Amino acid sequence: MDKWVAEFFLRRQQNPRVYATNLLSALKPVDSDDCVKLKITAVLRDISNSLIRGTVDEEMLDLLEILEKLLLQEHSVIMDSLKSAYCWTAAECTIRFMWPVNASDGFFSDALEMIWKKRIGMLKERESDLVTHELLKWESDFNKAFEEPELYQKIRETNIRYNAISHLTQLLKEQWALLGCSSLESEARKMFLKRKDPNAARKKGNNLGRAGDTIGNVSERRESRKGKVDKVNEQEQVHEASLNKGYITVARELKGYLLEIQRLLDPSTSQGQEPNNALDMSVNVTPQLDRANRTETEDSEGTSSSGRVRPHLPTPEPLNVSPLKKGRWEKPRPRRPMKFWTPEEVNALKEGVKEYGKSWKDIKNSNSVVLADRSEVDLKDKWRNLLGRQ
DNA sequence: GTAGGGTTAGCG
DNA sequence: CGCTAACCCTAC
């Protein structure tokens, strides 16, 4: 139960002030091998929170390294998104130390030492998959930049942060999707399917892990179906009523549980004036509840069945449970500011096409310094422009 | 990842 | 206002 709640909490909680990895230690010790997934969830949450705060620093590198180790423990594949995210985060971390005009003025050499010699040196030692061609290219570029002021300037002026953030976002998207349903979600769904129609359960079984489905959806689907299956006999109704009672109890328990965790981790929200929408489980966990029933339970909620005292919470907006829902990572982002191509970039592109043809990805990787601000699509578009003029 | 059509910003 | 470069969206 601890584990389920922790997992659920981690998936839904979006609070930059909370460190998810602390959550695990705040819980009773559930440390065993089968907790790897939970740990991954925690790390993903930390990465996500870090992004929300807008910090891309060495702590992020730590998290990515931890994530890699956990994935290895799980015998998962290390995906390209993780490698790219690590690479660009490392570059971003280094570039933070390039604020002086001269390489020798600031802490650039320290950064090289800390990040590339020590940290990435260790990765090389254990032959980590994170050490990619791209990463090595950056390493040599940074080392060269220390000697060559011109290259130093060039790197210094590039916008690495944008790339780092988009790679990290992509990484999160993929990893969340890989995690699939939370235990609570799949458990709830299993129960629902079993109860509704044992045959349908078998048919729908293969949909269980589908990303993007939510308990909310289940409840909708269930309600729409309820209209069709109107001839429920009385026995069944009685049975369902007793099940409802059970769900209500569980929902209350969970709600209380989550509130406690919330208080433990983030005292600033402890007064509970604002309904924390991460906490209302009753709507989603009890799909059977009809309106009258729900308000009644909400109202009489001062004390839960276990006797915990909680502040009264107004019913918040129902949330989509799944962190996988489309749109969560796809904020309507404003158009990128327009930036005309420099002759240098155009040259790099021309050289690249000569060497690699139209594989924009390879071209970008081969000269990621000059082309740092240009996406693969940008290269393609620019090439189209260049051709158009001939 | 790439191609290709669509949209927008900047300039004369 | 029209043209073009840069940027975006989406199908494959």
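Everything numeric in this text was worked out from a predicted model, so none of it was measured. Below, chain A is the first sequence line, B the second, and so on; all start at residue 1. Basis for what follows: all heavy atoms, side chains included, without hydrogens, waters or symmetry-related copies.
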Which residues pass the side-chain hydrogen bond (donor to acceptor under 3.5 Å, both in side chains) test with [X], sequence neighbours left out?
X	result
A:E59	none
A:K124	A:E139
A:E148	none

Inter- and intrachain pairs under salt bridge (Lys or Arg N to Asp or Glu O under 4.0 Å), touching residues 352-365 of chain A, at least two apart: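 Found A:E351-A:K354.
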
- request: Among residues two or more places apart or on two chains, list those pairs meeting salt bridge (Lys or Arg N to Asp or Glu O under 4.0 Å) that have a residue in residues 71-94 of chain A.
  value: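 Applying salt bridge (Lys or Arg N to Asp or Glu O under 4.0 Å) to every pair that reaches into residues 71-94 of chain A, excluding sequence neighbours, yields A:D80-A:K83, A:E92-A:R161.
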
field: Which residues share a side chain to side chain contact (heavy atoms under 4.5 Å, CB included) with A:P149, sequence neighbours left out
entry: none

- request: Quick one: list whatever passes side chain to side chain contact (heavy atoms under 4.5 Å, CB included) with A:T342, sequence neighbours left out.
  value: A:E344, A:E345

message: Looking at C:dA6, I'd like to know if its phosphate oxygens (OP1 or OP2) sit under 4.0 Å from a side-chain N or O belonging to A:N385.
response: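 Affirmative; the distance criterion is met.
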
query: So, A:S375 versus A:D378: side-chain donor-acceptor pair below 3.5 Å or not?
result: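 Present: a donor and an acceptor within the cut-off.
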
Rounded to the Å, how far apart are [X] [atom1] and [N] [atom2]?
X	N	atom1	atom2	value
A:L386	C:dT4	CG	C1'	13 Å
A:W383	B:dA3	CH2	P	12 Å
A:K382	C:dT4	NZ	P	14 Å
A:L349	B:dT2	CG	P	13 Å

Please tabulate, for the side chains in residues 130-137 of chain A, all donor-acceptor contacts under 3.5 angstrom to protein atoms that are two or more places apart in sequence or on a different chain.
unit_1, atom_1, unit_2, atom_2, d
A:T132, OG1, A:L135, N, 3.1
A:E134, OE2, A:W88, NE1, 3.0

message: With the threshold set at under 4.0 Å for non-hydrogen atoms, list the residues of residues 352-362 of chain A touching DNA chain B in residue-number order.
response: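 By residue number: A:K358, A:S359, A:W360, A:K361.
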
Heavy atoms from other residues, nucleotides or ligands near CE of A:M79 exceed 12 (cutoff 6.0 Å):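 More than 12 within 6.0 Å, yes.
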
task: May I ask you to list the residues sharing a hydrophobic cluster with A:V101, side-chain cutoff 4.5 Å, ordered by chain and number?
output: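 Listed partners: none, A:V101 stands alone.
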
- prompt: Using rotation axes that map the C1' atoms of four end pairs onto the next four (five pairs an end), what angle separates the end axes of the helix from B:dG1-C:dC12 to B:dG12-C:dC1, to 10°?
  reply: 10°

- prompt: Base, backbone or nothing for each nucleotide of nucleotides 7-12 of chain C, written B, S, -, heavy atoms under 4.0 angstrom, 5' to 3'?
  reply: BBB---

